[in-house]
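Down below is the structure, laid out as structure tokens.
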Amino acid sequence: MHSLKEWKFGLEKAKKYGICGLALQPADQDSFRPAIKLVCLALPDKSVYISDGREHGTDGAGEMILLLAALLEQRSIRKVIYGARPALSLIRDSAGRKINACNVFDLMLASQICWSGYYYLRPSGSTCHPWRRDVPDHSLASLAERHLGIILDGEGGEGDGGGDGGGGVDSAEEDNAEEDSAEEGDRNGDGLALKRASVLLPLHNILAELLARNGLEKIADLEFQVAASLAEMQGSGIHLECDQARGMVCREEYEICNLVSAMQEEARRKGFVTVSHDGKRLCCYLNPDRTEDVMAFLRRRGYPVSSTKAEILKGLAAAGCAFAEALLRYRRVCHQLTFLCSWLEKVSPVDGRVHPHFFQIQSSTGRISSRNPNAHQIPSTGEDASAIRRLFTPAEGKKFVKADFSTIELRIMARLSGDRVMLEAFKNGVDLHRLTASRISGVPIEQVTQAQRKAAKTMNFLLIYGGSARSLQSRILSDYGIFISSDEAEQARENFLSCYQGVREWQERQLSEMSFTVQHYFHNCIQGFFALPLTATTTIMGRRRIWPRFGAGIRASKFQMYNTPCQGTGADLIKLVMAEVYDKISSQEARIINSVHDEILLEVPEERAEEYAVKLKEIMERIGSELLHPVPVKAEVRIMKSLAE
DNA sequence: TACCAGCGCGCG
DNA sequence: ACCGCGCGCTGGTA
């Protein structure tokens, strides 16, 4: 353990070198106030300074925190961290102010970027699916072992609390999960912390080189910046009207009971009995959650169904089947109930808000994902969606500012393919759904009906996924209840592609990319740097998704080749916006609350909502139009009193 | 008991 | 032969 004075000396050296490794260990979570138990500073001369994060200087409280905050904000020193997001949250919470971190290099993110989309196939016992997918592990222990040949934890010490501790649960993205272990002997804990800190800089050299060789530096810099806004989102949380939510839960439980007994009563009346697959166990109730039961009952009623999807049940309900209707209602209400419960049980006792976890590059395309609860699936299109959205409200004296990109994936497609028709349309501000409808049906653009526009919208999105005529048909049926014949669907698809020739050609190019390989660099401690030929896709910003090749097999599907650049560029864009928003408009009072792929939600002081709304819109349209130039990008922004507005 | 696959559903 | 994600339920298996 070093004194504050020695630590300051370490900082001086960091300034001289222009780089340092930084590792934090939080104190027990029990205390309401955040605290840093241990802080390690690693330098290129292999020295490591280790100190207590709660260290106070002679002149007052929390001097160590002030030093850390200043270090993060010092542009001339690169901070190498494993897991920047939890570190940033910790320092921000401890310091009680926004941190404008810069020149941070996150080893975890760097590693994920280099391996994005990659997986191994491992044989599994089952005959049905003989291969299991394994994604590479990005824990610090794995990185150290893979690139340096150093075993960080594992056997080392005497058997403590077993596998639960330091070794096992090093799941890369779980906040601080790995830190909770080394409590026991301070001696032991310090030793591990020291070891972890000492691998940071050697790993940095390798991963920085790997990023450079693969042309991923731009993406990496973006991701490093985004970490701060993700920390903010997670720290801010979302406010939920708990009392009202609980009221809804009660009403829904009651309704579910009624629905279930009604369905079971009907099944009983019709003499339905559940039989287990071996024909032995009998049950007198129909379990509506059991696909097998439902299917058997519907078949007995004379409906030869192949599945119990909502799409099919809707058809039956329309034909007068009360059971199908009840089941549909049951499923919707159940879903809402579990949704509400999952949010209610995660209300934080500290601030009464829900803090969903966000995962920065969990998705192989580069999109953010969310869990516990999933902040990306707050109902929006369903019938009772607004009843639920009303429960999400800003804090006292605040307002929501919500902005989303309009038809962003189509604009990205226009930019990627350079399709002349699409480019012209967007430049002239033409509604592309209308245009598609007019081109397909042959009517002038101003005579397109609302129904035609809707169908065209479905078609446009389907195009992004490379969908077939069959999928177009079922999508239009399930979205709008409109039935079109397969001939009509095929015709529409053909018209569509001949209308946007550039897109067709782009898709053909993407298809040929599948068999064309690029050299992608890897690194391990045995072979050093080495390249392998792989199929890959690239976004406009240069984000790369790679597919492994086993023998001559090409694992990517053509749909993935079409979709990944679109979705990935969308991810690039929203991340650029998040970084800019964090930089330019967020503060302790105005915070990013949520981000759903093409949408940003802020919670801001009521009296300044208008001003923030203008700023947010400006940022989104400016950054979007820059990235997709010459395609202009539009954003729609609104100020809301709840998510239902 | 824990994990895993399949289904069905929500979001984009 | 439709992209990407997470979640709850069911039922089979190590």
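What you see is a predicted model, and the numbers here were worked out from it, not measured in a lab. Note that these values count all heavy atoms, side chains included, but never hydrogens, waters or copies made by symmetry. Just so we're on the same page: letters track the sequence lines, and every chain starts at 1.
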| message | Can you tell me if A/Arg331 touches the phosphate of B/dG8, counting only side-chain N or O atoms and a distance under 4.0 Å to OP1 or OP2? | response | no
| note | Taken to the nearest whole Å, CG/A/Leu340 to P/B/dG10 is 14 Å
| Less than 4.5 Å apart, any side-chain heavy atom of A/Arg638 and any of A/Phe400? | no
| request: Look at all strands and tell whether A/Arg470 reaches a base, only sugar-phosphate, or nothing, counting heavy atoms closer than 4.0 Å. | output: nothing
| message | Suppose you measure atom P in C/dA1 against the same atom in B/dG6; what distance do you get, rounded to whole Å? | response | 14 Å
| field | cation_pi(A/Arg555, A/Phe550) dist<6.0 Å, angle<=45 | value | no
| message | Nearest whole Å is fine: how far is B/dG12 P from A/Asn374 CG? | response | 11 Å
| request: Give one of base, sugar-phosphate or nothing for A/Ser370, where a contact means two heavy atoms less than 4.0 Å apart. | output: sugar-phosphate
| query | A/Trp131 has an atom CH2; how far is it from atom P of B/dA5, in whole Å? | reply | 15 Å
| query | Please give, in whole Å, the distance from C/dC5 P to A/Asn372 CG? | reply | 17 Å
| request: Tell whether A/Gln560 reaches the base of C/dC3 with its side chain through a donor-acceptor pair below 3.5 angstrom. | output: no
| message | If I take atom CD1 in residue A/Ile408 and atom P in nucleotide C/dC3, what distance separates them, rounded to the nearest angstrom? | response | 22 Å
| request: Return the nearest nucleotide to the side chain of A/His335; candidates are B/dG10, C/dC2, C/dG6. | output: B/dG10
| field | Between P of C/dG4 and OH of A/Tyr119, the distance in whole Å | value | 10 Å
| remark: A/Lys309 has its side chain closest, among C/dC2, B/dC9, B/dC4, to B/dC9
| query | Looking across every strand, which nucleic acid part, if any, lies under 4.0 Å from A/Ala310 by heavy atom: base, sugar-phosphate, or nothing? | reply | sugar-phosphate
| Does C/dT10 have OP1 or OP2 sitting under 4.0 Å from an N or O in the side chain of A/Thr291? | no
| Any side-chain donor-acceptor pair under 3.5 Å between A/Gln377 and A/Asn374? | yes
| query | A/Ile378 near the nucleic acid: base, sugar-phosphate alone, or nothing, with a heavy-atom cut-off under 4.0 Å? | reply | sugar-phosphate
| field | Atom-to-atom span, CD1 of A/Ile388 to P of B/dG10 - whole angstrom | value | 11 Å
| said: I want to verify a distance call: between B/dC4, C/dC3, C/dG4, whose nearest atom is closest to the A/Thr365 side chain? | reply: C/dG4
| task | Output the distance between atom CG (A/Leu391) and atom CZ (A/Arg246), rounded to the nearest 0.5 Å. | result | 11.5 Å
| For A/Ser364 and C/dC5, is the shortest distance between a side-chain N/O and OP1 or OP2 below 4.0 Å? | yes
| query | Looking only at side-chain N and O atoms, does A/Thr338 come under 4.0 Å of OP1 or OP2 in C/dG8? | reply | no
| field | Interatomic distance, A/Lys346 NZ vs C/dG6 P [rounded to whole Å] | value | 14 Å
| For the ring pair A/Trp343 and A/Phe392, is the centre-to-centre distance below 6.0 Å? | yes
| message | So, does A/Gln377 get its side chain near the phosphate of C/dC5, meaning an N or O under 4.0 Å from OP1 or OP2? | response | no
| message | Using a distance-only criterion (donor-acceptor N/O pair, under 3.5 Å, no hydrogens), is the base of C/dG4 paired with the side chain of A/Arg367? | response | yes
| Distance check: side-chain N/O of A/Asn563 vs OP1/OP2 of C/dC2, anything under 4.0 Å? | no
| request: Please state whether the phosphate of B/dG8, meaning OP1 or OP2, lies under 4.0 angstrom from any side-chain nitrogen or oxygen of A/Thr308. | output: yes
| note | Between A/Tyr500 and the options A/Asn495, A/Asn460, A/Thr436, the side chain to side chain donor-acceptor pair (under 3.5 Å) test singles out A/Thr436
